[in-house]
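Please read the structure below before turning to the comments.
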2 protein chains.
Amino acid sequence: MAKNKKQKLKARLPRGFTDRNADDIRATDKMIAAIGKVYEKYGFDPVETPMFEYTDCLGKFLPDADRPNEGVFSMVDDDEQWMSLRYDLTAPLARHVAQNFNEIQMPHRTYRSGWVFRDEKPGPGRFRQFLQMDADSVGAPGVQADAEMCMMMADTMEALGIPRGDYVVRVNNRKVLDGVMEAIGLGGEENVSRRLDVMRAIDKLDRLGVDGVRELLGCGRKDESGDYTKGVGLDEAQIVRILNLTGWKESGSGALGIAGGITIDNLRRDFHDSSLVNDGCNELDRIWTLKEAAGYEDTRILIDPSVVRGLEYYTGPVYEVELTFPVTNEKGQEVVFGSVGGGGRYDGLVKRFTGQPVPATGFSIGVSRLMTALKNLGKLDTSDIQAPVLVTVMDGNEMERYQMMVQELRNAGIRAEMYQGNWKKFGNQLKYADRRGCPLAIIQGEDERDAGEIQIKDLIEGKRLSQEIEDNVTWRESRPAQVSVKEGDLVEEVIKLLDQQADDRSKEAAN
Amino acid sequence: MAKNKKQKLKARLPRGFTDRNADDIRATDKMIAAIGKVYEKYGFDPVETPMFEYTDCLGKFLPDADRPNEGVFSMVDDDEQWMSLRYDLTAPLARHVAQNFNEIQMPHRTYRSGWVFRDEKPGPGRFRQFLQMDADSVGAPGVQADAEMCMMMADTMEALGIPRGDYVVRVNNRKVLDGVMEAIGLGGEENVSRRLDVMRAIDKLDRLGVDGVRELLGCGRKDESGDYTKGVGLDEAQIVRILNLTGWKESGSGALGIAGGITIDNLRRDFHDSSLVNDGCNELDRIWTLKEAAGYEDTRILIDPSVVRGLEYYTGPVYEVELTFPVTNEKGQEVVFGSVGGGGRYDGLVKRFTGQPVPATGFSIGVSRLMTALKNLGKLDTSDIQAPVLVTVMDGNEMERYQMMVQELRNAGIRAEMYQGNWKKFGNQLKYADRRGCPLAIIQGEDERDAGEIQIKDLIEGKRLSQEIEDNVTWRESRPAQVSVKEGDLVEEVIKLLDQQADDRSKEAAN
């Protein structure tokens, strides 16, 4: 048994998983609340599914199928059926709708946030467990539902404090893509998987650049680590027609840029024989007029034929929200931040269960990735939460007294704690208060107790004073860094001091 | 490939997993916010760990080890190491503290909520994925830290609206239990697993009754389904001494009742030779004086030697919060609601990694179970969230107009949606609004459009009026159930009507 083994265990996490600290959690909670407020305003209600689904219910729609188990964490249940951890929130929603089809009122407008899991190679900013926040309209056949999703994505970005101009929602249509592929000889059931490979190749433009994608569309590509990805096997003429579609220049550079030149009119002319391209373009036109009517300019929602989305289940409009401000990547290059969410129409996903078509559209925000972006923009302020007041312990026999003080403070609504470490080294208590950023320390030794008094140390003011002495400048009249009060006045004085500190903070913020 | 299979998939969930609807999610979010507020006031900060841990880091501490894989969902990772989904939030926290030992400031006071997983037989109210909310003080050696946890559990219950008298936090000490077992000949390393079996048997008193536990302590027990659990093999004298300890009467009844008669003084007298019992009693005394000083009467925090807690890793005080109001169980019997959380001191858990003892104490609230209790008490009101205003679609060629209306409403902060289903059957739109509980429907047909007007249907008032006609009573002067406004006055009129509805609701609530 493990308990007889005296050898120490190594504390470690499996690759691609990470702990979250207080700042991250508070920031994420704020983001989720802000996003949820937008979704609610649009009339969506929360619905959630569990982490596990039967593997066949989830289906196999992930973009990277080059690893065993298709990138999904799976295991066999007691009843010999395979179950998997969800890899997104869309496939489970389709199962939920199908399972409750008779009770559900269509259109079914719901949202959810939750952890999803991908058994993929982790990398910088790429985890095997991450947080998504989705909204979906199921039973919504018209492109007006897709247009609404695009507007909601734009509103979400602004609700999070991302300025207009720093984001853009790009919209395309799978029908356009499918029509183009049909036109270059990749139509029909027999080419389903090749079409998918083409889309996945295009979706990698931002990571691999035009040359890399050209290799993927042609004979295949070996990456820096030596891993080889099989190519789609298209000839040069086919490759050029596809690359043209994306609006990418023949520069050979991997840098990002907004697709230029390819318009719906161009597409209609170039592929005038294709009814698929024509249908797709009509839908894109409709989305354009709807979003214009609602006041969303092209800088916020842009029709862009280079958008693909890697997931297999999309059947119509696809959309993606990209942050356009520059950041420096791990190679030191300046790139735009890139995609933080996207989605599209998936009319066939519920049908897998019901047999009848159930039109649906929805999108997903990558919460963890968006948080990184907001940190970059300085939009994640969690400084409104103050550390607790620390009631120190001078005398272990008087613990009841300290306990009473801390309880008095809490009963008055003040965040407070009694020192719970080894109280015998008093220096450690003040060091703890300092590292934790406690605003005040409450102290009562034998002398104070006999006098019915309590010392309150203003740790923020104390730090400021010692800083001023060091810097030899005084920026305002100082308060005493320590005051003595009667026991009965503890709460009142603590409130007064905390208020003064809050005043100082807002004055400093205003400076 | 699955896509060639035309056979329909059955939409279903693995046993023991469940979807959550809007009411459940909103209620849970409110609970978590209320609990978090208490934990924050006590000076705890959020810290979270991922769902997966290496299996050896988690350890095997679960109460029910009678199933394969020890009740834990596990799988082999690419690097041939076993990883598991966390079965609680304590073992991962111990790993987190050990892994960041040099950076962490002790005492480390943190809280977290999160899903945990148990691969157990599901039953009524018993799921394989459920939500816990924990708080822990790591690096806190004194029983004052345990006392604080008990107070915080009591405060949490009251913050959730559970009246004083409807809950009790019971406190015991593993040292007392260990001392008693030593006294009846179950001491020493060689009896570790038998001691554990005894504790797990005692922990089942509420489910199995005295007779069932007597069998578990003796020769073993066969349950209703025919499953056999091996007994500890104690003789009658040993069994009686243990059963006495729990304060359970020889009634053979499985009904719950507060343990009576067993006091710390009795224990000290009955086991005066045991230094373990004595130490444990001293600690319980200390907790008693501390909680008294802070104003927690015995009705809120009670020293109770029958408390055990099933987890293996506890080393000192253990505590449990029980809801004491009666509910009817699935067998139709009236029982007290029972435990909704608990915890204890686990001084050895971090030591598994660091080799040096790191004293720690903490507890866990079973959020899902507590929600069931709050529903019973009528304490979960989510009626503050209103359904959206529905902008109906009369004419598919005028979608842009409807889109503009809905956007205008949203920009004014009003929850609103345009009908996204098939608009051609107008009756379906009103049926949707009715089922969803929409407060208002916005309607513009050709005639209204030509006149620059919009119809607003007050669906709540309309329902009330038709109800009154049916009941043949009028309880107040009615408003018109439909009004016509100029296009420019839409937002103003909607706000007015929503305000009137809110007024009606508060008047009805006051009646």
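Order of the sequence lines sets the chain letters (A, B, ...), proteins ahead of strands, with each chain counted from 1.
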Checking [X] against chain A: side chain, backbone, both or neither under 4.5 Å from a heavy atom?
{"X": "B:Leu390", "answer": "neither"}
{"X": "B:Gln129", "answer": "side chain"}
{"X": "B:Thr110", "answer": "neither"}
{"X": "B:Phe101", "answer": "neither"}
{"X": "B:Thr18", "answer": "backbone"}
{"X": "B:Leu13", "answer": "both"}
{"X": "B:Arg401", "answer": "neither"}
{"X": "B:Pro50", "answer": "both"}
{"X": "B:Asp155", "answer": "side chain"}
{"X": "B:Glu417", "answer": "both"}
{"X": "B:Asn100", "answer": "side chain"}

- Considering residues at least two apart in sequence or located in another chain, which fulfil the side-chain hydrogen bond (donor to acceptor under 3.5 Å, both in side chains) criterion with A:Gln144? none
Closer than 4.0 angstrom, basic N to acidic O: yes or no for [X] and [Y]?
{"X": "B:Glu40", "Y": "A:Arg26", "value": "yes"}
{"X": "B:Asp56", "Y": "A:Arg12", "value": "yes"}
{"X": "B:Glu148", "Y": "A:Arg410", "value": "yes"}
{"X": "B:Asp77", "Y": "A:Arg15", "value": "yes"}
{"X": "B:Arg95", "Y": "A:Asp19", "value": "yes"}
{"X": "B:Glu103", "Y": "A:Arg435", "value": "no"}

With a 4.5 angstrom heavy-atom cut-off, could you sort out which part of [X] is near chain B: side chain, backbone, both or neither?
{"X": "A:Leu409", "result": "neither"}
{"X": "A:Leu290", "result": "both"}
{"X": "A:Gln99", "result": "both"}
{"X": "A:Met151", "result": "side chain"}
{"X": "A:Phe127", "result": "neither"}
{"X": "A:Gln81", "result": "side chain"}
{"X": "A:Arg436", "result": "side chain"}
{"X": "A:Phe130", "result": "neither"}
{"X": "A:Met83", "result": "side chain"}
{"X": "A:Met106", "result": "backbone"}
{"X": "A:Asp29", "result": "neither"}
{"X": "A:Lys291", "result": "neither"}

- Sub-4.5 Å side-chain heavy-atom contact between A:Pro107 and B:Tyr419: yes
- Message: What I'd like to find out is whether the side chain of A:Asp78 reaches to under 4.5 Å of the side chain of B:Lys121, using heavy atoms alone.
- Response: no
- Task: Classify the angle between the aromatic ring planes of B:Phe117 and A:Phe52 as parallel (below 30°), tilted (30 to 60°) or perpendicular (above 60°).
- Result: perpendicular
- Query: When heavy-atom pairs shorter than 4.5 Å are enumerated against chain B, which of A:Gly413, A:Gly295, A:Ala294, A:Cys438 gives the highest number?
  - Reply: A:Ala294
